[in-house]
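The structure appears below as structure tokens.
Chain identifiers are assigned alphabetically (A, B, ...) following the order of the sequence lines, protein sequences preceding nucleic acid strands; residue numbering begins at 1 within each chain.
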Amino acid sequence: MNPDGGGSSSSSPPPSTSLGADADAEAKEEERGGKQVVVVLVGPPGSGKSTFADAVVAGSTAGRPWARVCQDTIGNGKAGTKIQCLKATSDALKEGRSVLIDRCNLEREQRADFVKLGSTLHVDVHAVALDLPAKVCISRAVSRKGHEGNLQGGKAALVVNRMLQKKETPLLTEGFSRIMSCNDDGDIKKAVDLYNALGPSDSLPSGIFGQKSKGPVQVGIMKFLKKGDTSSVEKSSGPKITLSESKPGQQNPLPKHEKVEDGITCPVEVEKGLNDKNENEEHAKESDSDDVGSRTLAFPSISTADFQFDLDRASDIIVDTAADFLQKFDNIRLVLVDLSKKSKILSLVKEKASKKSIDCSRFFTFVGDITQLYTKGGLQCSVIANAANWRLKPGGGGVNAAIFNAAGESLHHATKKCADALRPGTSVVVPLPSISPLHQREGVTHVIHVLGPNMNPMRPDYLKNDYIKGSKILREAYNSLFENFASIVQGHMGKQNGKSGAGMSAFGGTSPNDTKMKREDSHGSERMKKHKMLPPIMTAKQQHGCTKANMPNYHDKSMTSSAAPNQARERDIKKSGVVTNKTWGSWAQALYELAMHPEKYKNTDSILETSDELIVLKDLYPKAKKHVLVISRTDGLDSLADVRKEHLPLLRRMHSAGVKWAQKFLEEDASLVFRLGYHSVPSMRQLHLHIISQDFDSTSLKNKKHWNSFSTPFFRDSVDVIEEIEQHGSATASSDEKILAMELRCHRCRSAHPNIPKLKSHIANCKSSFPSHLLQKNRLISSSTMHMDCT
DNA sequence: GTTCTAGAAC
DNA sequence: GTTCTAGAAC
């Protein structure tokens, strides 16, 4: 087969959306008796797209005709265009061939036209993302010779890095029926084999396969290189066909529930009405048959009703987050509940879940009262979610009032034990006491309060129709809810198996999220653990003995020796789970101790300045030539998560103190550039602002966490924190610790580097300008901005 | 937060 | 054999 065959079609019209074309395509499809497919390859130069496409075209053993449409070659020597590729794709499809789109397609917009074309011509559109480590792509792209697109040598590295920064992971919501992510050569071989073995009338299951991360930046390079990593991903990625299961010339054995109907591969069950009575009864029967109730979460839409979030967007987010979650965890069931049969959110979710072919035995909608699911609806579920208010108080109408009413006073008490307040985008697990009627009657063992975004001007935290922010918060809220639910289920399975952490079987054996589950579990059971994790109570002996320049020492247990940390500890316990849910180890108390008792440390030259409100301290382990901390002395203000509007004057003064010290350092060395900001989730207790020069020239900067805590969104610029609190009353501290495990990228040119030493040698010489967002709003302080007003 | 160290990567 | 990371302990 001509590898560039896709470019050879000539007379067919360019893609259009005329109805005539639709009918024609459908007729042709029927005539052919098969289902064509457009495979959109997604990957930077060097990721192996052409090799992939050639291997599929040349190795097809099952009789499916393929064409490769390659932008590098379609221009016959000149640079090819997307339009040319679209036309060639359209032509090849009309000739009855399936098509591989060999261009980078890293951004959603770049892919959209191909998806649209596929949909117009009624063919499945798949994405195959070649998510290889940046350094692999770079080294291939740099060293290759005679590349079709003439991208090789030194400029290739620059191009690959630049492209990867713009990468948007393909999503089902873009219109792909199937997305496959290949993280190494083994994955790629499997994918090639899969397409090679795809006969003319075969379809592949819909869904997402092998995807590890959704963010625009790949996770740590080293992680990609670990052996065995990909196999665990495969196991958890849902139904799939492997080469060993499919023989050339034979129909692929599709999973039982998969059936090709009207050109859409879809679980049959989803085709049924999900909201009718029969549907409810069917699920009710299922839940009687085993212990599925203990693995079921019933949740209301948390952003609509009183919160007035756009239903269409809300339903997209519910379906997306649920699909992601179900993909990660087997054997768990999610049920979206609403009182009304006419509920718009239920019908939207139902429709979108169906389109995404989500297994409807694991995610479905249910009409009924969330407080009477078992007694009135026959649906067993041990965990229900509450669309809570930020005060976590009963009342207010809607689901919140209904759940508090049905659960009785004990839920209120139990909630108060766990948390005082809830920030939008977060959730808190409350074990429901067995005396609660909701527990006794309905079998509900846990309530998860969750707070989504609010678009209702009459409610707190009104987002003024900022749907960018609102959608982000809503995703966080559902993710938090689902992950907390997973922790509960895992705890339950652990108990069933007679030992803690033994519940993995509930999730289908090994899972790419095993480590995540462990972490989530520890979070979920934090209340229980807290007591165990508390620093030891001090002895008289321990009350003395500060070391190291008379400074509070991170490793000295005496840091726990004053009464204050213990008081605060009680407060932590009271608030655990949400607003102040962090447990501070003994080593994390040093800044707190200093803030409360600076007089004890007055003989050290590490302290640059002390006032009633602030302390300015040289960081004991500076991560750059100049690195100081402005520490608040307010007791109870442990981190960004505790900051509220009333702290704004303090934050502004901390900022000013930081700017003042940056300016002093600039007088000594005008070449420095400073950034002022907070860590989203600090390791050390007591709110502190980092003032750090951007050379990062320090032997104390040793690992990925160090680097990423200053070079990713984990570092929140002081100006942004202040603005956010002015506008919304609190700061959104990204609690996503995955960000700290991301691959190492230069903070100036954003190039990727395989390890810390290599990164360091790069940043020592990188003269690129800083990313544009840092050049705005005085996020950087340098000799050129010195005389500007920085607040 | 750091230190220590096993074991993976090179 | 050396370098580097990541997780446990503190």
> Have A/Tyr592 and A/Asp635 got a donor and an acceptor in their side chains that come within less than 3.5 Å?
Replying inline: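 Yes, side-chain donor-acceptor contact under 3.5 Å.
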The side chain of [X] lies closest to which of these nucleotides: [options]?
| X | options | result |
| --- | --- | --- |
| A/Tyr621 | B/dT2, C/dC4, C/dA6 | B/dT2 |
| A/His706 | B/dT3, C/dT5, B/dT2 | B/dT2 |
| A/Asn755 | C/dT5, B/dT2, B/dT3 | C/dT5 |
| A/Lys623 | C/dT5, B/dT2, B/dT3 | B/dT2 |

> Is any side-chain heavy atom of A/His655 closer than 4.5 Å to a side-chain heavy atom of A/Val719?
Replying inline: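 A/His655 vs A/Val719: side chains touch.
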>> Counting C-beta onward and ignoring hydrogens, is there a side-chain heavy-atom pair between A/Leu759 and A/Trp707 closer than 4.5 Å?
In response: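 They are in contact (side-chain heavy atoms under 4.5 Å apart), so the answer is yes.
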>> Mind checking if A/His688 touches a base, just sugar-phosphate, or nothing, with heavy atoms under 4.0 Å?
In response: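 Since no nucleic acid heavy atom lies under 4.0 Å of A/His688, the category is nothing.
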> Which part of the nucleic acid, if any, lies within reach of A/Lys758 when heavy atoms closer than 4.0 Å are counted: base, sugar-phosphate only, or nothing?
Replying inline: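 Counting heavy atoms under 4.0 Å across all strands, no contact is made by A/Lys758.
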Please state how far atom [atom1] in [X] lies from atom [atom2] in [N], giving the value in whole angstrom units.
| X | N | atom1 | atom2 | answer |
| --- | --- | --- | --- | --- |
| A/Asp619 | B/dT2 | CG | C1' | 12 Å |
| A/Leu687 | B/dG1 | CG | P | 13 Å |
| A/Trp707 | C/dC4 | CH2 | P | 17 Å |
| A/Trp584 | C/dC10 | CH2 | C1' | 17 Å |
| A/Gln589 | B/dG1 | CD | C1' | 12 Å |
| A/Lys760 | C/dT3 | NZ | P | 15 Å |
| A/Lys705 | C/dA8 | NZ | C1' | 13 Å |
| A/Lys702 | C/dC4 | NZ | C1' | 13 Å |

> Using the rule for Phe, Tyr, His and the six-membered ring of Trp, do A/Trp587 and B/dG1 stack at under 5.5 Å and under 30°?
Replying inline: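 Here the ring of A/Trp587 and the base of B/dG1 are stacked, with centres under 5.5 Å and planes under 30°.
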> Excluding sequence neighbours, so at least two apart, what forms salt bridge (Lys or Arg N to Asp or Glu O under 4.0 Å) with A/Lys618?
Replying inline: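 For A/Lys618, no residue satisfies salt bridge (Lys or Arg N to Asp or Glu O under 4.0 Å) once neighbours in sequence are set aside.
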>> Strictly below 4.0 Å, N to O, side chains only: are A/Arg685 and A/Asp638 in salt-bridge contact?
In response: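 Yes, A/Arg685 and A/Asp638 are salt-bridged.
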